[in-house]
Amino acid sequence: MPKKPVILDFDSTLCAVESLDALASLVLADDPDGAAKVAEIERLTNLGMSGDLPLSESLARRLATLTFDRTQVRQLVEELRHQLTPGLAEDHQWILDHASHLHVVSGGFVDWIAPVLTPLGFPAEQIHANVLRWNTDVCIGFDQEHPLARNGGKPEIVQQLGWAPKTSLMAVGDGISDLELKRTGQVDQFVAYTAHARRDVVVQEADMEASSWSALREILEEAWRE
Ligand SMILES: [Mg+2]
């Protein structure tokens, strides 16, 4: 029997932080109002993740606060490489061995997620995320039409990926946008990943909870044995 495909979230799942919050800290480091702006961005992140604010609005309001260029995105990539969920970077061989079953679907941005994850063995074509828009080296916004820029985007992407009907899928994540995969019936098993953020609403509706990368690895290996 083919192994079950797994849909993995990035922010606060494969990565220990919310990458847009990390970008905000980096970009606003020298801004006199930086601390207040970062706090506001974190608040908007949480409202989006808990479902209290539409994802599209949360994303647009956060990005509108930030002016940044490609050099700062490269700095963010370096930073995120050191802020992966503990144990992930050491599991390079495991990732390579299981790469064909691992799909990343994130409401973050492919502009930094791909450079962080592909060296670990995640196939670039299996990473789906939002897309920034650039004017040469300066970011001028993001593709607001991308499915992942709105609520319900993750189920939409998984549907577009076109697995055969009745293919059993599994999803892993910490946020409401991940839980939507279960609520819409796109996946039959959902694992709440709580190593970095634990949201009651997500945990309550999850089939399982993993509080570390090693615990998640065990759950996946068990699912692949079925
Ligand atoms: Mg997340």
Side-chain angles (χ1 to χ4, degrees), residues 6-25 38 41-63 76-77 79-81 83-88 102-114 116-117 120 122 126-131 142 146-158 169-184 186-187 189-213 215-217 219-220:
V6 177
I7 319 287
L8 293 153
D9 175 44
F10 180 73
D11 291 307
S12 298
T13 297
L14 294 179
C15 179
V17 297
E18 292 289 321
S19 52
L20 200 50
D21 295 355
L23 177 70
S25 300
V38 169
I41 285 174
E42 287 172 356
R43 191 182 74 85
L44 291 167
T45 299
N46 273 316
L47 288 175
M49 290 302 102
S50 60
D52 293 315
L53 188 70
L55 213 53
S56 52
E57 196 182 328
S58 162
L59 206 52
R61 281 171 61 183
R62 280 180 282 163
L63 269 186
L76 177 67
V77 168
E79 224 176 85
L80 296 178
R81 282 182 179 146
Q83 300 202 67
L84 295 167
T85 197
L88 181 69
L102 303 174
H103 303 260
V104 177
V105 178
S106 167
F109 288 90
V110 74
D111 306 68
W112 56 76
I113 295 175
V116 170
L117 291 184
L120 294 175
F122 289 90
Q126 287 169 210
I127 298 173
H128 307 273
N130 276 306
V131 181
F142 65 105
H146 196 288
L148 289 167
R150 54 181 179 260
N151 288 89
K154 290 196 178 190
E156 209 177 316
I157 288 286
V158 169
L169 301 174
M170 198 166 184
V172 182
D174 65 289
I176 205 86
S177 60
D178 307 305
L179 183 60
E180 282 174 348
L181 287 165
K182 167 87 181 174
R183 285 178 171 170
T184 56
Q186 288 293 331
V187 304
Q189 271 182 311
F190 176 69
V191 183
Y193 193 71
T194 56
H196 311 296
R198 193 176 194 282
R199 297 179 172 89
D200 288 342
V201 60
V202 176
V203 174
Q204 277 161 14
E205 290 185 48
D207 300 290
M208 279 165 284
E209 177 179 350
S211 59
S212 66
W213 172 251
L216 177 62
R217 231 181 62 164
I219 289 174
L220 298 184

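In this chain, numbering begins with 1 at the start of the sequence shown. Bear in mind that the values here come from a model prediction, so they are computed numbers and not experimental data. We count ligands from 1, going down the list as the structure has it; atoms in each ligand are counted the same way.
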task: May I ask you to list the protein N, O or S atoms found at less than 2.8 Å from the Mg ion (ligand 1)?
output: Asp9 OD2, Asp11 O, Asp174 OD1
query: Is there a side-chain contact between Leu59 and Arg62 (heavy atoms, below 4.5 Å)?
result: yes
statement: Sorted by chain and number, sequence neighbours left out, side chain to side chain contact (heavy atoms under 4.5 Å, CB included) with Asn151 holds for Pro54, Leu55, Glu180
- line: Across all chains, not counting sequence neighbours, the ring-ring contact (aromatic ring centres under 6.0 Å, His included) partners of His146 are none
message: My understanding is that only residues two or more places apart in sequence, or in another chain, count here; which of them pass side chain to side chain contact (heavy atoms under 4.5 Å, CB included) with Asp178?
response: Asp9, Lys154, Asp174, Phe190
query: So do Leu47 and Ser58 actually touch side chain to side chain, heavy atoms under 4.5 Å?
result: no
Close side-chain approach of Arg183 to Ile176, heavy-atom, < 4.5 Å: yes
